[in-house]
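Below, read A as the first sequence line, B as the second, and so on, with proteins coming before strands; counting in each chain starts at 1. Values below: every heavy atom of this structure, side chains too, minus hydrogens, waters and symmetry copies.
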Amino acid sequence: MKEFLTKNLNSSQIEAVRCIEGPLIIFAGAGTGKTKVITHRIAYLLSLGISPWSILAVTFTNKAASEMKKKVANLISQTYKNVWISTFHSFCAHFLRVEASKINLDPDFLIYDFMDQKNTVKDCMKELNIDEKKIKASTIVNKISRAKDDLKIPSDITSEVKRSDYFLESTTSKIYELYQKKLKKASALDFGDLIMQTVVALQRLPATLEQYQEKSKYIMVDEYQDTNHAQYILIKLLAKKHCNICVVGDDDQSVYSWRGADINNILNFKKDYRNAKSVRLEQNYRSTPKILSTAYKVVKHNNARIDKQLWTKNPDDGSVIVIKAINENDEATKIANLILLNAYKYKLSSFAVFYRTNAQSRTFEDAFRRVGIPYSLVGTLKFYDRAEIKDIIAYLKLIHNPNDNVSFKRIINIPRRGIGKTSIKILEKFALLKNISLWEAIPLASQVGLTKGTQKALNSFMQLIETFSKLKKDSSAKIISKKVVTHSGYLKELETENTLESRTKIENIQELISAITDFENRSPDKSLAGYLTQIALTSDTDSLDESKDKVTLMTLHLAKGLEFEYVFICGLEEGLFPIWESVPNNEELEEERRLMYVGMTRAKKNLYLCWATERTVYGKIKWNVPSRFIAEAGFRCDLTKPEQSPNFKNPNKKYFRAEVVYKGKDTHNYNNDYEIKNKQLLSPINNINKYKIGTMVLHPTFGRGKIIEQSGTEENLKLVVLFENGQWKKLLAKVANLRFI
DNA sequence: TAGCCCGGCGTTTTT
DNA sequence: CGCCGGGCTA
C-alpha cells in the first residue's frame with residue numbers, strides 16, 4: 001500500500017481501507033474519521049489500477065458528496081474525476097434521464113418537492129371529495145412517500161392493514177393512485193419516485209442492470225443507517241454481481257426513521273451478506289473523554305444497537321455541565337452570557353446551540369440580538385422556499401413544461417392579471433372533465449362561460465409563456481430567467497410596491513439570477529432542464545457559511561456531521577426532548593436518545609445540557625421535569641422543588657445555579673464517574689479544591705456570586721464568577737479575596 | 001376579485 | 001401565542 005495512503009491512519013482505518021474485495025461493513029462512530037476512510041479507500045482502489053469507471057460512492061447529501069470529491073481529489077489528482085460520487089437521488093435522476101426511453105418516461109421530467117407534492121395531493125383530494133379537514137394533505141404526502149420508500153404501489157397499501165386503519169389506508173391508496181396519474185401527466189417525479197422507478201427499471205431490464213453493475217463494481221455507501229428499503233434494494237441490485245460492497249455507518253446515529261430510514265439495514269448487514277467482514281472505528285479524534293463517556297452513558301440505554309464504545313487520546317479538559325434555568329428566556333440569557341464569557345478563547349463559529357424544535361429558536365434570537373451576538377439560524381427559511389424565488393422558479397418550470405398544473409396555479413395571477421380563484425376553479429373543473437391540463441384548457445375557455453376579460457387575460461398569459469418557451473432553444477437559463485423577471489411584470493410590481501419587504505425580494509431575485517449564472521459557469525448542462533434538476537436536488541445553499549463568524553443555531557437533526565468547541569443542548573425537558581409523542585413508543589424513544597447522542601458527540605471540548613423548569617408553550621406556561629437524558633448521562637436532578645432564586649425582581653436576570661457539575665478527575669480513564677455536586681452548593685468547602693465550579697462566593701464589591709468556570713492552576717488559578725446582578729467577572733483567585741458562603 | 005377575519009393547530013425534514 | 005388557510009363580505 002502506498003505510503004501516502006497509510007500515514008495519518010490508525011490500524012482499524014487501514015484495515016478498512018485495505019479490505020476491498022467482498023462485502024464490508026464499517027461501524028464508524030462519531031468523529032472517528034469516517035470520511036477519511038472512504039476517501040482513502042477510493043484513492044487506494046485507484047492506486048491499484050482499478051478503473052475509476054467502476055467505482056461508485058453514494059451519499060445522502062450534496063454536501064457530503066462534494067466534500068468527498070474534494071478530498072479524493074486532494075489524494076489523487078488525476079483520475080478521481082471519473083469516479084462516480086453522488087447522492088442517491090442525483091444518481092437515480094441521472095439514471096432515469098439516460099434510460100428514460102426504455103421505461104416510457106419523459107427524459108425531461110421535473111422533480112417535485114414537498115410543496116409540489118402537497119399541492120398535487122390537495123388537487124387529488126378535491127377531485128375525490130375527501131374533506132381536507134378530516135385528513136391533512138401533508139399526512140397523505142408523508143404516507144405516499146413512505147409507501148414509495150418501501151417500494152409499495154397503491155394496491156399494496158390496502159392489502160396489508162388492520163381494520164382500524166382501514167379508512168385512512170384505503171383513502172391513501174386511492175389518492176396515491178390518482179396522484180401518480182397527475183404526476184405522469186405533468187411529467188413529474190417526486191423524490192420517492194426517483195429511487196423507486198430506478199429500482200423497478202433495473203429489475204425489469206437485466207441488460208441495463210448488468211451494465212450498471214459493471215459501473216459499480218466497487219460500491220461504497222455512506223451513512224448506511226439512514227437508507228430506506230428502496231435504497232437498500234437498489235444497492236443490493238447493483239452489488240449483486242461483484243459483491244464488493246462497502247457500507248459505512250453508525251446505528252447510534254440513526255435519526256431519520258420517521259422519514260423511512262430503516263435501522264435494520266445496518267443491523268442486519270451481516271445476515272444479508274454472509275461473508276461480510278466488519279471493521280469498527282472506535283478511536284475518536286473530536287471530543288474529550290468526558291464528553292464521550294457521558295454520551296456513551298446515554299446511548300447505552302438503547303436496546304436496538306450494536307455495542308461499541310468510543311475512546312480518545314484527547315486531553316481531558318473542558319467540561320460537561322448541566323444548566324438549570326427558570327424559563328426559556330433565562331435559558332437563552334444564560335447561554336448568551338456563557339458565549340460572551342468564552343468568546344475571547346474561540347471564534348463565535350465554534351459555538352452552537354441545538355434544540356429539538358424550530359420554535360425554540362426565537363428566544364435565542366431575541367437574547368442574542370439583545371446582547372449583540374451575531375448568529376446564523378440554520379434550516380428554517382431556505383432560500384428556495386422564499387415565495388419570490390418559488391414564483392420565478394414556477395415560471396421556469398412552466399416554460400419547461402406547460403402541463404405542470406402546480407406551477408401554473410402558482411403564477412397564473414402573479415403578478416395580478418385579474419384571474420381569480422373562481423375563474424381558475426371553473427377552468428380546473430373543465431380541464432378535469434376533458435382530462436387535459438390547465439394549460440391545454442385555455443384555448444377552450446370560451447366553451448365554459450368565462451368572461452371576455454378573463455379569456456383575454458388567459459390568452460395573454462399563454463402568449464407570455466410561449467414567448468419565453470421560444471427562447472428555450474438558443475438561450476441559456478440565465479437569459480430566460482432574466483426575461484421572465486422583467487417581461488412578466490413581476491419586477492415592476494415589486495418596484496411599485498417599494499417597501500422594505502419588496503426590496504428584499506428584489507435582492508433575492510437578483511441573487512437567484514446570479515445563482516443561475518453561477519450554475520451555467522460550472523455545469524456542463526446549461527439547459528433550463530439541467531438547472532431545474534439541480535435546484536430540485538439541492539437544499540439550502542447559503543445556510544451554513546463557515547467563513548462567517550457567527551454562533552450557529554439549529555435543530556439537533558441538522559447537527560449531524562458537524563462539530564463545535566462549545567455545544568449547548570437546550571430544552572432538555574420531558575415532553576420536549578424526548579418529545580412527548582415519542583415517549584410511549586419505545587422505538588421512537590430510542591431514536592430520540594440517538595438524537596441526543598448525536599447532539600452530544602458534536603462537542604469537542606465543552607458540552608452544556610440545559611433545561612428550564614418553566615416554559616411557555618403556545619402561550620401557556622408549562623412546568624417541566626428535566627429530561628430523562630440528563631439522568632441517563634449520570635447527573636442527578638432534584639425534581640421535587642423548583643428553585644426560586646433569591647433577591648431578584650427581573651426574571652431575565654435571575655441567577656444561575658449550575659446545579660450539577662462534572663467533577664473533572666485528571667485521568668483519561670474512560671469509565672470514570674460523575675460526582676453530583678447538587679447538595680454541596682451551600683456547604684463548607686474543603687481546602688484542597690475549594691474553588692470548585694458551582695461554589696457560592698462573596699466578593700467585597702460585586703457581592704454574591706457563583707463560580708462557573710476555572711482555568712489555570714495554583715498561583716494563576718483564574719475564576720469566572722457570575723454575580724447576582726447578572727454580570728460576569730473573570731478573577732484571579734489569589735487576589736480576588738473571595739469568601740465562601 | 002381581493003382583502004379581512006376567524007378558527008384550528010402547533011416534531012424532527014439529508015433529497 | 002402566532003401562523004396559515006378557508007370562507008365570507010365589500
Side-chain angles (χ1 to χ4, degrees), chain A residues 58-66 86-93 111-118 122 126 131-133 136-138 141-142 145-146 148-149 189-195 222-223 225-228 230-231 253-261 328 354-360 362-363 378-380 382 384-385 387 413 416-425 451 453-454 457 533-540 543-544 554-562 571 575-583 588 591-592 594-596 598-599 615-622:
Chain A
V58 198
T59 65
F60 278 83
T61 64
N62 292 299
K63 198 177 158 201
S66 56
S86 95
T87 65
F88 271 101
H89 292 271
S90 51
F91 171 86
C92 292
I111 297 169
Y112 270 13
D113 63 16
F114 177 77
M115 274 309 194
D116 297 327
Q117 295 183 67
K118 202 169 131 188
K122 279 185 175 176
K126 260 176 226 151
D131 189 356
E132 273 186 58
K133 280 172 201 149
K136 277 185 300 168
S138 56
V141 174
N142 282 327
S145 301
R146 289 301 76 73
K148 289 180 180 178
D149 292 342
L189 298 182
D190 62 24
F191 293 131
D193 282 331
L194 292 175
I195 315 287
D222 193 15
E223 306 277 12
Q225 77 280 357
D226 288 335
T227 48
N228 60 38
Q231 289 160 336
Q253 294 185 66
S254 162
V255 291
Y256 283 110
S257 75
W258 49 276
R259 270 178 73 158
E328 72 273 21
F354 303 153
Y355 35 80
R356 181 62 238 266
T357 67
N358 280 312
Q360 289 165 258
R362 240 173 112 143
T363 357
V378 182
T380 37
K382 290 181 187 166
Y384 286 98
D385 280 348
N413 205 30
R416 272 170 215 126
R417 302 189 172 83
I419 305 168
K421 279 183 231 162
T422 27
S423 306
I424 291 304
K425 242 182 197 163
T451 62
T454 317
T533 304
Q534 202 242 225
I535 57 160
L537 297 178
T538 312
S539 68
D540 229 345
S543 53
L544 194 63
M554 62 182 157
T555 62
L556 285 141
H557 280 91
L558 290 178
K560 203 159 81 168
L562 305 175
L576 183 60
F577 189 27
I579 207 148
W580 182 75
E581 287 84 345
S582 69
V583 171
E588 286 175 30
E591 182 148 318
E592 294 286 301
R594 290 193 291 268
L595 195 56
M596 177 73 183
V598 168
R615 182 178 296 274
T616 312
V617 186
Y618 307 141
K620 281 183 181 149
I621 293 174
K622 230 186 101 186

Would you mind reading off the distance between A/Lys148 atom NZ and B/dT15 atom P, rounded to a whole angstrom? 18 Å

If you check every side-chain atom of A/Thr555, which of B/dT12, B/dT14, B/dT15 has the closest atom? B/dT12

Would you mind reading off the distance between A/Phe114 atom CZ and B/dT13 atom C1', rounded to a whole angstrom? 9 Å

Starting the side chain at C-beta, find the nucleotide from B/dT12, B/dT14, C/dG6 nearest to A/Lys122. C/dG6

Rounded distance in Å - CE (A/Met115) to P (B/dT15): 17 Å

Listed pairs, N/O of protein and of nucleotides 1-3 of chain B, under 3.5 Å:
from  : atom 1 : to       : atom 2 : distance (Å)
B/dT1 : OP1    : A/Gly420 : N      : 2.8
B/dT1 : OP1    : A/Ser423 : OG     : 2.8
B/dT1 : OP2    : A/Thr422 : OG1    : 2.2
B/dA2 : OP2    : A/Asn413 : ND2    : 3.2

Rounded to the nearest angstrom, tell me the gap between atom CD in A/Glu591 and atom P in B/dT11. 17 Å

From C/dC3, B/dT14, B/dT15, nucleotide with atom closest to A/Leu558 side chain: B/dT14

Taking B/dG10, B/dT14, B/dT11 as options, the one with an atom nearest any side-chain atom of A/Lys136 is B/dG10

Among C/dG7, C/dG2, B/dT11, find the nucleotide with the atom closest to the side chain of A/Arg362. C/dG2

Assess the residue pair A/Thr357 and A/Ile579 against the criterion (side chain to side chain contact (heavy atoms under 4.5 Å, CB included)); give the C-alpha distance rounded to whole Å, side-chain angles, the decisive distance to 0.1 Å, and a yes or no. CA-CA 9 Å; A/Thr357 67; A/Ile579 207 148; 3.8 Å; yes

Just to verify, which of A/Tyr256, A/Tyr355, A/Phe354 counts as forming a ring pair (Phe, Tyr, Trp, His ring centres under 6.0 Å) with A/His557? A/Tyr256

A/Trp258 over B/dT12, stacked by centroid distance under 5.5 Å, angle under 30°: yes

Short side-chain to backbone donor-acceptor contact, A/Asp190 and A/Tyr112, under 3.5 Å: no

If you assign each of A/Lys425 and A/Thr616 to its closest nucleotide in DNA chain C, which residue comes earlier from the 5' end? A/Thr616

So, is B/dT11 syn or anti if syn means the angle is within 90° of 0? syn

State plainly whether the residues A/Glu328 and A/Arg362 are in salt-bridge range, i.e. N to O under 4.0 Å. no

Taken to the nearest whole Å, CG/A/Leu595 to P/B/dT13 is 10 Å

Donor-acceptor pair, A/Glu223 side chain versus A/Phe60 backbone, under 3.5 Å? no

Return the 5'-most residue of the pair A/Asp226, A/Glu581 with respect to DNA chain B, ranking by each residue's nearest nucleotide. A/Glu581

Rounding to a whole Å, what distance do you find between A/Gln360:CD and B/dT12:C1'? 11 Å

Quick one: does A/Lys122's side chain have a donor or acceptor within less than 3.5 Å of a partner on A/Ala137's backbone? no

When you measure from the side chain of A/Arg356 to the backbone N and O of A/Leu576, does any donor-acceptor pair fall under 3.5 Å? no

What does A/Tyr256 touch in the nucleic acid at a heavy-atom separation under 4.0 angstrom: a base, only the sugar-phosphate, or nothing? base

Answer yes or no: does a side-chain N or O of A/Asn358 lie under 4.0 Å from OP1 or OP2 of B/dT13? yes

Would you kindly check whether a donor in the side chain of A/Arg356 faces an acceptor in the base of B/dT12, or vice versa, at under 3.5 angstrom? yes

